[in-house]
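In the text below, chain A, chain B and the rest are named by the order of the sequence lines, each starting its count at 1. Bear in mind that the values here come from a model prediction, so they are computed numbers and not experimental data.
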2 protein chains.
Amino acid sequence: MSKSTPATIEDVARLAEVSIATVSRAIHTPEKVAKETRLKVTQAIAITGYTTNAMARSLRLGRSNMILVVAPDIGDPNFSNILIGLENEARAHGYGVLIGHTQNDPQRGLEYLKFLNSNQAAGMILFTGILPFGHQTMTARLPPSVGVFEPVYNGGIPYVGVDDAAGARKAIDLLITEGHRRIAFIGESRTRLGHARRKAGYEDGMRAARLELDPGLIMPGDGTIESGRLAVEQLFMRDTLPTAFMCVNDQTAIGVMLALTARGYSIPGDFSVTGFDDVPQATFMNPTLTTIRQPRTAIGKQAMALLFKLLQDEKPEETEILLAPDLVVRNSVGAPRSLPKR
Amino acid sequence: MSKSTPATIEDVARLAEVSIATVSRAIHTPEKVAKETRLKVTQAIAITGYTTNAMARSLRLGRSNMILVVAPDIGDPNFSNILIGLENEARAHGYGVLIGHTQNDPQRGLEYLKFLNSNQAAGMILFTGILPFGHQTMTARLPPSVGVFEPVYNGGIPYVGVDDAAGARKAIDLLITEGHRRIAFIGESRTRLGHARRKAGYEDGMRAARLELDPGLIMPGDGTIESGRLAVEQLFMRDTLPTAFMCVNDQTAIGVMLALTARGYSIPGDFSVTGFDDVPQATFMNPTLTTIRQPRTAIGKQAMALLFKLLQDEKPEETEILLAPDLVVRNSVGAPRSLPKR
DNA sequence: AGGATTGATGTAAAGGTTTACATTCGGAGT
DNA sequence: ACTCCGAATGTAAACCTTTACATCAATCCT
């Protein structure tokens with residue numbers, strides 16, 4: 001009667017007075033076993049407290065029932081909500097979700113590659129724009145995978161995310177409607193595809209309004225608060241200032257707002273600011289941040305759904321699914337004032 | 001030559017012209033195989049690209065090399081840094097970390113319990129004050145487990161975290177030194193053990209300074225921004241206001257600051273505010289938040305180290321490891337002013 | 001009534017690994 | 001020269017499950 005060893009299928013079979021095959025069938029294909037037998041098995045399972053050994057099952061089946069979600073930074077404010085969408089959808093298919101945290105370290109990434117290669121996950125979701133496997137990326141044999149939140153730069157992996165260009169366009173159109181003419185774009189990036197698309201939306205909007213695209217108003221950045229701050233400092237060393245800052249994401253916008261506030265300017269009185277993503281913090285800024293909302297839970301849900309299609313060998317019809325973003329108007333945008341003196 | 005099926009230990013053995021036992025030994029106990037044989041095996045592994053099938057290994061060994069980290073909310077700003085400490089330490093022991101996200105849903109928790117019972121994880125770290133398994137908690141057979149960040153309410157599980165009482169004492173002492181006499185405590189909780197300890201530190205500090213403990217200045221709360229806001233609203237419906245708000249955590253403090261700012265008060269001119277945790281956002285508030293820093297990475301590291309002790313059957317000498325917190329002085333605390341009129 | 005069909009169950013192999021035990025071989029000790 | 005020992009390697013069982021195939025009984029059809 002010792003409970004030290006978990007019950008196996010054999011214990012259940014003995015108790016129910018059937019073979020282990022019948023037990024397995026009673027669990028996975030109940031319609032193939034007689035009703036009364038099924039009942040006996042069910043009771044025996046309840047009594048023994050049996051749970052099937054996932055290791056043995058996966059070994060036999062050659063695939064696991066886990067999906068690996070790889071993220072460079074768990075702390076990304078966008079991550080948790082996307083994860084919820086991913087989890088719910090996975091659960092609906094009887095799969096569980098594991099999270100791999102690479103900390104942007106290729107070494108770390110390689111460990112997860114090993115994890116995948118040892119069959120411990122059936123598929124992968126990439127919450128990152130780059131395959132995190134360093135130089136082994138090209139040769140890596142990957143399971144079915146889907147990129148999420150940011151298009152995957154290397155690897156030709158299907159992607160589910162927001163329509164970055166369309167979202168950016170909404171932001172720039174708002175600023176132009178408010179009367180702004182000199183609008184800076186903060187956070188240009190060559191490597192982050194999603195950010196590049198946001199910049200393209202900005203340029204489209206400017207062109208559509210026949211506004212001059214001043215390269216001096218396009219500042220590079222990596223999407224961190226610090227980069228937003230830095231961009232403001234650099235812009236203020238020039239003569240020609242913008243009246244509005246369109247930022248590649250909310251983090252950058254927060255950095256911009258902090259820098260402007262630190263210099264004593266008022267928002268939106270002196271300058272207008274927009275973000276992108278609508279992270280929770282956007283609500284707590286002063287003023288609250290006008291931004292573009294990502295349908296995060298929906299993105300997660302659709303990405304996982306796509307992954308399950310791939311797992312069933314269906315070739316996906318489209319390689320990119322773009323969801324529509326919403327403009328969230330708060331208090332960081334107003335009409336421009338004549339340029340403040342430095 | 002098809003690469004469709006991953007190489008097994010048998011492929012390696014064939015290529016190296018040895019038995020599979022020797023291959024296994026060359027990998028796990030290299031000192032037991034002759035140098036030249038070892039070399040042949042190493043080369044064969046490189047050629048075949050062999051990685052050991054973790055399923056089969058875990059099945060044979062009866063335990064996995066994964067640790068499950070259960071968190072109710074991945075988005076908690078404290079989580080990611082603790083996780084880094086956990087991961088680094090686990091890695092040093094050759095273990096990987098998986099994250100289970102319960103979303104505070106007992107149903108979800110039960111799934112992870114199943115995951116554990118099917119041997120898919122060797123141990124568990126609980127980033128939560130409550131065993132997340134609903135009513136099955138009492139009967140659950142758990143693997144070696146360690147609570148982290150917040151003492152585990154039910155279950156008698158060892159715990160690694162900050163010395164909450166000592167930290168709270170540092171905050172209250174600072175406020176008293178600045179001259180405050182009427183100090184509110186925001187975020188009283190009966191269920192969250194860590195928060196209860198912080199309140200105990202507050203009370204100790206007040207008593208030590210022979211200050212009156214006014215029950216009217218102790219406000220309940222669940223540690224969310226909203227609860228901080230609410231507490232301020234309720235306090236302002238009374239006649240007697242405090243000159244300082246000592247908050248149970250940073251989130252609460254942020255809520256308090258937002259509410260005070262919204263009412264037009266200045267911090268720390270009209271009121272002083274302290275937090276606890278030192279989340280990243282504390283730096284971005286206006287004014288920046290004076291708070292107690294948690295040594296998060298260290299907590300993670302020590303918790304995982306303790307778990308490995310448990311895994312090796314060593315009974316832990318202490319059931320609680322408390323780390324020393326630091327006071328971080330920023331700009332939300334100043335000397336009290338005579339009570340503002342309402 | 002006899003053969004075919006169906007439904008329910010059992011038998012046994014396979015999946016990849018680790019490891020106790022067996023085997024082999026060369027050399028040391030007497 | 002014989003025994004004994006240790007080092008290096010091989011053989012085979014075990015971990016737990018799923019499932020193709022075999023078996024068996026009962027029912028159906030003509």
Side-chain angles (χ1 to χ4, degrees), chain A residues 4-42 44-45 48-66 94 114-122, chain B residues 4-42 44-45 48-66 94 114-122:
Chain A
S4 64
T5 297
T8 76
I9 200 172
E10 216 154 341
D11 301 328
V12 177
R14 198 166 22 246
L15 191 59
E17 299 176 299
V18 295
S19 75
I20 61 170
T22 303
V23 174
S24 180
R25 275 190 289 256
I27 295 172
H28 300 290
T29 50
E31 69 279 6
K32 288 194 178 177
V33 5
K35 210 189 299 181
E36 31 193 316
T37 317
R38 202 158 55 211
L39 190 65
K40 278 195 299 182
V41 172
T42 315
I45 288 178
T48 55
Y50 169 76
T51 53
T52 113
N53 180 321
M55 294 298 170
R57 176 163 218 264
S58 301
L59 174 60
R60 177 65 232 252
L61 260 41
R63 78 191 131 76
S64 95
N65 61 147
M66 288 284 151
K114 245 170 144 176
F115 183 81
L116 291 166
N117 282 339
S118 58
N119 277 325
Q120 292 187 80
Chain B
S4 64
T5 298
T8 76
I9 200 173
E10 215 154 340
D11 301 329
V12 176
R14 199 168 20 246
L15 191 58
E17 298 175 300
V18 296
S19 76
I20 61 170
T22 303
V23 174
S24 180
R25 276 189 288 256
I27 295 172
H28 301 289
T29 51
E31 69 280 5
K32 288 195 177 177
V33 7
K35 208 188 302 181
E36 30 192 318
T37 316
R38 204 159 52 211
L39 190 64
K40 278 196 299 181
V41 172
T42 316
I45 288 178
T48 55
Y50 170 76
T51 52
T52 112
N53 180 323
M55 295 296 168
R57 176 163 217 264
S58 302
L59 174 58
R60 176 63 232 248
L61 260 41
R63 78 190 129 78
S64 95
N65 61 148
M66 288 284 151
K114 244 169 146 178
F115 184 81
L116 291 165
N117 282 340
S118 58
N119 276 324
Q120 292 187 78

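Residues A:Pro6 and A:Thr51 fail the side-chain proximity criterion, which asks for heavy atoms closer than 4.5 Å.
Rotation axes derived from the C1' atoms of the five outermost pairs at either end of the helix from C:dA1-D:dT30 to C:dT30-D:dA1 lie 50° apart, to the nearest 10°.
Of the inter-residue distances, the one linking B:Thr52 atom OG1 with B:Ile9 atom CD1 reads 7.5 Å to the nearest 0.5 angstrom. Taken to the nearest 0.5 Å, the CG atom of B:Leu61 stands 10.5 Å off from the CE atom of A:Met55. Atoms CD1 and CD1, from B:Ile45 and B:Ile27 in turn, are 4.0 Å apart once rounded to the nearest 0.5 Å.
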Which pairs, protein N/O on one side and nucleotides 13-17 of chain D N/O on the other, fall under 3.5 Å?
from: D:dA14; atom 1: N3; to: B:Arg60; atom 2: NH1; distance (Å): 3.4
from: D:dT17; atom 1: OP1; to: A:Tyr50; atom 2: OH; distance (Å): 2.5
from: D:dT17; atom 1: OP1; to: A:Asn53; atom 2: N; distance (Å): 3.3
from: D:dT17; atom 1: OP2; to: A:Ile9; atom 2: N; distance (Å): 2.5

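Chain A approaches DNA chain C over the interval C:dA8 to C:dG16, counting the first and last nucleotide 5' to 3' with an atom under 4.0 Å from its heavy atoms.
Evaluation of the side-chain hydrogen bond (donor to acceptor under 3.5 Å, both in side chains) rule for B:Ser58 yields no partner, not counting sequence neighbours. Listed by chain and number, the residues in a side-chain hydrogen bond (donor to acceptor under 3.5 Å, both in side chains) with A:Arg57 are A:His28 (sequence neighbours excluded).
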Output side-chain donor-acceptor pairs under 3.5 Å for residues 12-21 of chain A, partner residues at least two apart or in another chain, one line each.
from: A:Arg14; atom 1: NH2; to: A:Asp11; atom 2: OD1; distance (Å): 2.8
from: A:Ser19; atom 1: OG; to: A:Ala21; atom 2: N; distance (Å): 3.4
from: A:Ser19; atom 1: OG; to: A:Thr22; atom 2: N; distance (Å): 3.4
from: A:Ser19; atom 1: OG; to: A:Thr22; atom 2: OG1; distance (Å): 3.3

Sequence neighbours excluded and cut-off under 3.5 Å, please list the side-chain donor-acceptor pairs for residues 29-36 of chain A, or say none.
from: A:Thr29; atom 1: OG1; to: A:Arg25; atom 2: O; distance (Å): 3.4

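Of all heavy-atom pairs spanning B:Ala121 and B:Phe115, the tightest one is CB-CE2, 4.0 Å.
For residues 30-37 of chain A, proximity to DNA chain C is found at A:Val33, A:Ala34, A:Thr37, defined as any non-hydrogen atom under 4.0 angstrom from a strand atom.
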